[in-house]
Amino acid sequence: MRTMRHVVTLIIASTLVSGSTAIAQGSLPDEQRTNGAETLKALAGLQENASAVSVQVGRQKDRTMMGVVLSTDGYILTQASDLEAISPVKVFLNSGEAVVVREVKRDDDLNLLLLKVERTGMQAVAWGESLSLRAGQWLASLSNQGKDIRLGVVSAHRRPIPNSGAVLGVRFGVDDDDLGVVVEELATDSPAEKAGLLAEDVILAVNSQSVTKNENLARIIAAHRPGDVVKIRYVRKGSESECEVRLASKRHVQMNWDGEDFANHGTSLRTDNFPQVLQHDMPLNPTDMGGAVFDLQGRTVGINIARVDRVTNYALPVESFLPQLLTWMNDDREHRGQKPK
Amino acid sequence: MALKGSILSTVAALSALLATVAAPSRGTASSPLDDLLHVQSRVQESYERVSQALIVIECHGGTASGVIVSPTGLVLTAAHVVEEAKQKVKVILHDGKTVEATSLGVDTSTDAAMVQLPAPARAWPYISISREVRDLALGQWCFAMGHPGGWDAARGPVLRTGRLVKIAPNMLQSDCVLMGGDSGGVLCNLDGEVIGINSQIWKGRDQNLHVSMAPFLRSWEALKKGETITTWAQGSGGWIGLSTQAPANGGALLIQAIAPESPAQKAGLKEGDAILSVNNQKLTTPADFSEVIRNRRAGELVTLKVKTTSGGERILEVKLGQRPQE
């Protein structure tokens with residue numbers, strides 16, 4: 001209808017005249033978005049500093065998690081549970097150089113791993129405080145093997161995250177005492193599926209402890225932590241074999257059952273059982289965990305500890321681990337006959 | 001996710017055609033970092049107020065969000081949350097108390113819906129909606145709030161700060177990342193006013209869609225009455241079939257063109273007539289005029305006071321029609 005098109009055009013033209021500078025365009029160019037290059041120019045100085053105090057930790061250069069340099073004499077902090085899957089690890093410095101590490105301390109309560117490289121004169125993080133942070137406060141972290149900086153906000157209340165337990169990610173069939181525990185269904189991308197288990201496999205034993213009842217099996221699994229590895233002995237079509245399953249948090253697996261995981265872009269194995277977390281909304285990946293969370297002044301206010309879902313990252317606030325961390329470092333120095341610094 | 005995909009592509013096509021875009025406003029001489037800090041303080045100023053107006057809606061075995069927009073307890077949410085008008089839903093308020101509420105109208109064509117809370121003891125905490133749909137600019141800062149995954153007292157509501165990425169007639173896209181449970185939650189401008197209602201996501205982190213205020217404003221009374229709107233024609237509001245222009249020296253709007261077979265033509269309006277008022281309301285811009293008309297439904301009567309080209313004043317009642325399909 002020609003006339004109507006005419007009228008519509010007139011209305012748009014009038015708006016143009018009365019309005020300011022309107023231009024027809026589809027969508028905001030990528031670089032102008034919240035985590036686009038143009039917006040992130042504001043963080044150029046911060047990124048430079050962040051890179052200087054960060055390292056990559058992993059078996060090979062393209063398969064790493066983030067780590068933070070704690071001291072000039074080479075103590076390095078990273079996240080423990082997801083790193084285990086890619087151990088033994090090296091530290092990759094900013095220069096690209098790979099350095100051997102010594103494991104100083106692994107803490108399962110905080111899910112932290114303290115490492116040491118034999119270096120001096122390293123640039124260490126500047127600690128800030130997190131107690132004054134309120135929802136809406138900007139934060140930044142490195143992403144993509146430390147190549148990019150990401151911007152986000154404190155998105156929810158600081159709080160402890162209770163333990164939902166470790167799971168295999170399978171539904172069991174009806175108990176049959178003569179057989180073992182029958183796997184009826186596996187959650188997509190679950191620990192069991194990743195380990196190669198299939199529906200109709202019959203589980204005979206976990207860590208050499210034989211199981212015939214669902215309840216038994218569930219109890220043994222629940223006694224472990226997400227990130228732990230259990231040995232599963234099973235029968236498939238008459239023949240026995242064994243596999244290793246790296247357990248994940250129940251919450252992580254639940255999302256796959258519910259079909260809500262399609263847009264998460266990966267989550268961490270362990271997403272709960274933390275004494276205290278800061279929640280933020282940066283678009284990060286599971287491999288960005290272990291890295292520092294910076295305020296806009298470039299001070300480290302926490303360590304990224306879990307990628308939980310599409311909108312959620314947990315970071316341990318600096319106050320929740322720093323006193324212990326300093327103790328571990330000093331104990332290690334004394335043990336090694338060095339002067340505490 | 002095929003359904004979500006197809007809806008998304010429709011939005012993309014429409015917005016490519018119709019989105020009006022203003023360049024993101026630049027601050028004066030402040031540094032980019034100062035600009036970010038300014039955004040932060042604006043969001044933080046509104047955070048508490050918006051938190052208190054945000055609710056959880058539980059129905060059909062699912063959990064979602066909603067936002068209170070009046071002291072009497074009118075709530076905006078998404079149509080796919082309540083699904084139908086006049087249903088009882090469970091609402092969890094910001095302080096964790098629960099009340100039973102009733103769904104009002106739903107517009108399934110745009111995903112807009114309303115819910116009514118019970119009569120308040122004093123007044124419900126609420127935030128205002130922004131009626132300036134046309135003033136939205138691509139790239140402008142905004143923030144989304146909701147209860148992703150459902151009510152969590154220890155966590156509280158979840159905030160995301162981001163930018164408007166796409167502006168379509170009924171839909172906004174932002175890079176405030178949403179997920180399940182956020183549906184019906186709120187997208188606010190930096191004044192803490194509602195500019196969108198969280199609606200759907202696609203896989204990309206920047207693909208978060210919100211119902212804009214346009215379909216709400218257009219069908220406000222119909223939704224409040226509990227009507228179900230299922231097609232675009234019914235939801236597109238009243239149509240009069242004339243365009244106006246503002247004279248250079250100010251004064252009354254002039255009729256610039258009249259569509260054949262339109263309500264305007266049938267009422268005897270002529271090109272060049274000056275519109276002195278619509279329902280006793282003086283209007284100074286063509287955009288104001290078209291909004292007044294679009295905010296009314298087809299079938300409604302509007303009273304126009306006009307001055308004809310020969311100088312006489314007339315009062316006309318015009319029954320609004322439905323916009324013809326092109």
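All heavy atoms count here, side chains included; hydrogens, waters and symmetry mates do not. Just so it is clear: chains get the letters A, B, ... in the order the sequence lines come, proteins before strands, and each one is counted from 1.
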Based on non-hydrogen pairs under 4.5 Å, which of [options] is most in contact with chain A?
options                              : result
B:Gly204, B:Ala246, B:Pro148         : B:Gly204
B:Gly156, B:Ala154, B:Pro32, B:Ser46 : B:Ala154
B:Asp135, B:Val39, B:Val43, B:Val158 : B:Val158

Under the 3.5 angstrom rule, does the side chain of [X] hit a backbone N or O of [Y] as a donor-acceptor pair?
X        : Y        : value
B:Arg155 : A:Arg159 : no
B:Asp175 : A:Arg33  : no
A:Arg310 : B:Val177 : no

### Message
Surrounding CD of B:Glu261 (heavy atoms of other residues, nucleotides or ligands, distance under 6.0 Å), is the total greater than 12?
### Response
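Atom CD in B:Glu261 is not crowded, with 12 or fewer foreign heavy atoms closer than 6.0 Å.
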### Query
With a cut-off of 6.0 Å (strictly less than), are more than 12 heavy atoms of other residues, nucleotides or ligands near CD of A:Glu48?
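Not buried by this count: 12 neighbours or fewer within 6.0 Å.
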When you compare the side chain of [Y] with that of [X], does any pair of heavy atoms fall below 4.5 Å?
X        : Y        : answer
A:Leu296 : B:Leu33  : yes
B:Leu159 : A:Val153 : yes
A:Pro283 : B:Arg205 : yes

### Query
Which atoms form the tightest heavy-atom contact between B:Leu37 and A:Trp138, and what is the distance?
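That closest heavy-atom pairing would be N-NE1, 4.3 Å.
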### Message
Could you report the tightest heavy-atom contact between B:Tyr47 and A:His157, atom names first, then the distance?
### Response
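Between these two residues, the closest heavy atoms are OH-NE2, 3.9 Å.
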### Message
side chain to side chain contact (heavy atoms under 4.5 Å, CB included), that's the test. Do B:Leu138 and A:Gln32 meet it? Break it down for me.
### Response
CA-CA 10 Å; B:Leu138 216 52; A:Gln32 286 178 30; over 6 Å; no
Please look at [X] and chain B and tell me whether the side chain, the backbone, both or neither of the residue comes under 4.5 angstrom of a heavy atom of that chain.
X        : value
A:Leu151 : side chain
A:Val154 : backbone
A:Leu43  : side chain
A:Gln137 : both

### Query
Counting heavy-atom pairs under 4.5 Å to chain B, which of A:Asp281, A:Thr39, A:Val311 comes out on top?
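If we count pairs closer than 4.5 Å to chain B, A:Val311 comes out on top.
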### Task
Output the option from A:Ser155, A:Gly152, A:Gly45, A:Ala135 having the highest count of non-hydrogen pairs under 4.5 Å with chain B.
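When all of A:Ser155, A:Gly152, A:Gly45, A:Ala135 are compared, A:Ser155 has the most.
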### Query
Can you name the salt bridge (charged side-chain N to carboxylate O under 4.0 Å, His left out) partners of B:Asp191, sequence neighbours left out?
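If we apply the salt bridge (charged side-chain N to carboxylate O under 4.0 Å, His left out) test to B:Asp191, skipping adjacent residues, the hits are B:Arg42.
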### Task
Hey, could you give me the CZ/CG distance between B:Arg163 and A:Asn35, rounded to the nearest 0.5 Å?
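The CZ atom of B:Arg163 sits 10.5 Å away from the CG atom of A:Asn35.
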### Task
Taking side chain to side chain donor-acceptor pair (under 3.5 Å) as the test, write out the residues that go with A:Asn163, two or more places apart.
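By the side chain to side chain donor-acceptor pair (under 3.5 Å) rule, A:Asn163 matches no residue at all.
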